[in-house]
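Let me begin by presenting the structure, written as structure tokens, before commenting on it.
These numbers were taken from a predicted model, which means no experiment stands behind them. Atom set for the values below is all heavy atoms of this structure, side chains included, hydrogens, waters and symmetry mates excluded.
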Amino acid sequence: MAQAHSHLAQHIDTESHSDWFGLDNFDHDMPEPLPIILDDQVQPPPCENSCYSEEKVELVGDDPLQDSQMNQDQDEVKEDGDIRDEALRCIEELVLSFLTQLVDAVPHPYSGDSTKEVKCKKIVLQLADRRKEHDRSDSDMPLRTLAMPHRSRGTSARPFAQVFRVLDLMHEALTDDIPTTKRDMYYKDIQLFGSQSTVDRVVDDIAATFQLGRADLNVRASSKGLICGGGLFLHLSSGETLQIKDTEPTLIPHAEDIQRYEVDCELAWVLVVEKEAVFQTLCRLRVGTHHALPGKGLIITGKGYPDVATRHLMNALSTNLPQRIPILALVDGDAYGIDILSVYKYGSLHMQHERDQLVAKRIQWLGIWSSELPALGIQRDALIPITPHDERKARVLLKRESTPAHWRKELQHMLFTRRKAEIEILDFTRPNHTAGLGRHSESLSEELSSSGTPLLRYLVAKIPAACKEAGGQDP
């Protein structure tokens, strides 16, 4: 960090233009803090007759040695204090650097002839450029420059004022040990910031520049993700315990508020759903504990592009759940659905400084696939034509090296047919058109054909197959 921070501010005499307003706004990243989980060793002990045992296992924080746990807690408190001190030092050094430049740039009133025009030095501030790929093993991160004064259109002082107002609020949150939110920051100076996206952008730029998480700066973003189902308990640092229910959604807490996770041995699958409307339907149908599906399941939605709290939870589940429990995603079979899936699995470019805590590497694409629609009896005319935005997004995804072969095939199929498949297209399916999807019980399919919704029939056909495949891979 020292190398990156050493050139945060410097003098230059040549003209330079600020690129402040050119940074894209990616609200879906909802940049959020690094998780503070009290115990990283979260491998659950194996259960006897695991799927249907009433025994519960601790995902986090289950240490049989009390003395060892106390020592670990003390180490974590010390580590948190060290991170807080480091964050304060970074903020104060950046402000001091700016003030030093400012003093040096202002002409001295007794420096010479007052009638002679004096050329002022520029004040320069360099922040991390989150738009560019960065190898985290390389200490020289990409930077972008703010300069004052400059000849570009618009005031050159405003971006500086926005940065230092955010730094001031961060410093206050750290010294008072009271977390703040990006929303609170915006409402404390609406006239200066102009929009919430400006605060979001500045907070993330500062965190990336300091190579810290937003939680380390005591800044949070509003949670929006929901979870329902069965088999999970969230033990909060406040002492409260949240039991995830299949009858009503629960707002996903911030990662730093979660002390430990506890999973029931009956937990058999996890399903991430792109759309809130679909999530609410599944919650109303109590799919998390539905008798037609194996064991208990968790259903999660980030309401489109996920916020960081949702991504932290998915990271914890992906990292710590046994391999026999598949983590699945139900998204639209179009470019934007695949892009949302990519954010869950690989993270986002603009949050790469926190990527390790935000990715769910084990997540698999359950559906909807454009290529499976003929097997569902859905005709091409029932599909929605793609838009120019869909086509551009698809081509961007095809250029990414990380895009898996199956995803590429579906994107190419979408571009070839000029049609996209949204989850709602399942309403056009007929009961006798799910046999090709791996239905696990003929008698069960007959039962669902009369009473189950098309969406439920689709999940009953595919989730058990995914569980069987995951169980076969379990060591």
Side-chain angles (χ1 to χ4, degrees), residues 19-32 128-136 138 141-144 197 200-201 204-205 208 272-275 301-308 310-311 314-315 318 328-356 358-373 380 383-425:
D19 194 25
W20 180 261
F21 297 101
L23 184 61
D24 295 335
N25 174 27
F26 279 74
D27 286 339
H28 57 267
D29 285 331
M30 302 272 307
E32 241 69 319
D129 190 344
R130 295 179 296 115
R131 296 169 300 175
K132 297 180 180 178
E133 290 281 2
H134 172 50
D135 184 356
R136 299 181 64 183
D138 184 2
M141 70 175 70
L143 299 172
R144 63 184 184 85
S197 61
D200 298 343
R201 187 167 58 238
D204 290 335
D205 287 347
V272 178
V273 180
E274 174 187 346
K275 298 178 176 179
T301 183
K303 300 181 182 179
Y305 283 99
D307 60 300
V308 174
T310 303
R311 292 169 62 186
M314 290 303 304
N315 172 266
S318 175
L328 311 168
L330 180 66
V331 300
D332 286 341
D334 61 15
Y336 284 94
I338 296 175
D339 193 37
I340 289 171
L341 176 59
S342 177
V343 171
Y344 279 109
K345 189 174 183 68
Y346 300 112
S348 60
L349 175 62
H350 286 220
M351 290 287 289
Q352 57 184 315
H353 59 290
E354 296 188 50
R355 182 173 295 173
D356 290 345
L358 297 176
V359 295
K361 297 180 181 179
R362 285 177 48 199
I363 197 169
Q364 305 170 46
W365 187 13
L366 183 74
I368 301 292
W369 306 340
S370 296
S371 60
E372 69 184 353
L373 297 182
R380 180 178 182 273
L383 303 178
I384 303 174
I386 65 173
T387 67
H389 293 290
D390 294 322
E391 183 171 358
R392 283 194 294 269
K393 175 62 73 173
R395 297 192 184 283
V396 168
L397 291 170
L398 287 170
K399 291 179 181 178
R400 292 183 186 171
E401 294 182 1
S402 61
T403 303
H406 176 222
W407 300 10
R408 292 179 181 276
K409 179 181 177 181
E410 294 300 322
L411 288 167
Q412 291 166 348
H413 186 274
M414 183 193 76
L415 292 174
F416 178 77
T417 61
R418 313 300 296 176
R419 294 290 188 275
K420 59 183 179 181
E422 297 188 347
I423 298 173
E424 291 79 3
I425 197 65

Ile368/Leu373 under side chain to side chain contact (heavy atoms under 4.5 Å, CB included): CA gap, chis, key distance, verdict: CA-CA 8 Å; Ile368 301 292; Leu373 297 182; 4.1 Å; yes
I want to check something: taking the side chain as every heavy atom from C-beta on, are [X] and [Y] in contact at a cut-off of under 4.5 Å?
{"X": "Ile384", "Y": "Glu422", "answer": "yes"}
{"X": "Asp334", "Y": "Ile386", "answer": "no"}
{"X": "Tyr305", "Y": "Val343", "answer": "yes"}
{"X": "Ile338", "Y": "Leu397", "answer": "yes"}
{"X": "Leu328", "Y": "Ile363", "answer": "no"}

Ring geometry between Trp365 and His406 (parallel below 30°, tilted from 30 to 60°, perpendicular above 60°):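 Tilted: the ring planes of His406 and Trp365 meet at 30° to 60°.
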Partner residues of Arg380 under the side-chain contact (heavy atoms from CB on, under 4.5 Å) criterion, sequence neighbours left out: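 Residues passing side-chain contact (heavy atoms from CB on, under 4.5 Å) with Arg380: Thr417, Arg418, Arg419.
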Derivation and outcome, side chain to side chain contact (heavy atoms under 4.5 Å, CB included), residues Val272 and Leu330: CA-CA 6 Å; Val272 178; Leu330 180 66; over 6 Å; no
Taking all atoms of both residues into account, what is the closest heavy-atom pair of [X] and [Y], and its distance?
{"X": "Asp390", "Y": "Lys420", "value": "OD2-NZ, 2.9 Å"}
{"X": "Pro404", "Y": "Tyr346", "value": "CG-OH, 3.4 Å"}
{"X": "Ala421", "Y": "Ile425", "value": "CB-CG2, 4.5 Å"}
{"X": "Trp407", "Y": "Thr403", "value": "CB-CG2, 3.7 Å"}
{"X": "Gly347", "Y": "Arg311", "value": "CA-NH2, 3.5 Å"}
{"X": "Leu358", "Y": "Asn315", "value": "N-ND2, 4.0 Å"}

Salt bridge (Lys or Arg N to Asp or Glu O under 4.0 Å): pairs with one or both residues in residues 398-411, sequence neighbours excluded: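 Of all non-adjacent pairs touching residues 398-411, those that pass salt bridge (Lys or Arg N to Asp or Glu O under 4.0 Å) are Asp339-Arg400.
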Residues in ring-ring contact (aromatic ring centres under 6.0 Å, His included) contact with His413, at least two apart in sequence or another chain: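 Partners of His413 by the ring-ring contact (aromatic ring centres under 6.0 Å, His included) criterion come out as none, since no residue qualifies.
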Taking side-chain hydrogen bond (donor to acceptor under 3.5 Å, both in side chains) as the definition, give me every residue that meets it alongside [X], ordered by chain and number, with sequence neighbours left out.
{"X": "Arg392", "value": "His389"}
{"X": "Lys275", "value": "Asp332, Glu424"}
{"X": "Thr310", "value": "Asp307"}

Worked verdict on Arg395 versus Leu415 for side chain to side chain contact (heavy atoms under 4.5 Å, CB included): CA-CA 9 Å; Arg395 297 192 184 283; Leu415 292 174; 4.2 Å; yes
N/O donor-acceptor pair under 3.5 Å between Lys393 side chain and Tyr336 backbone: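 Answer holds: no.
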Expected output: side-chain Lys345 to main-chain Ala360 donor-acceptor under 3.5 Å: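 Absent.
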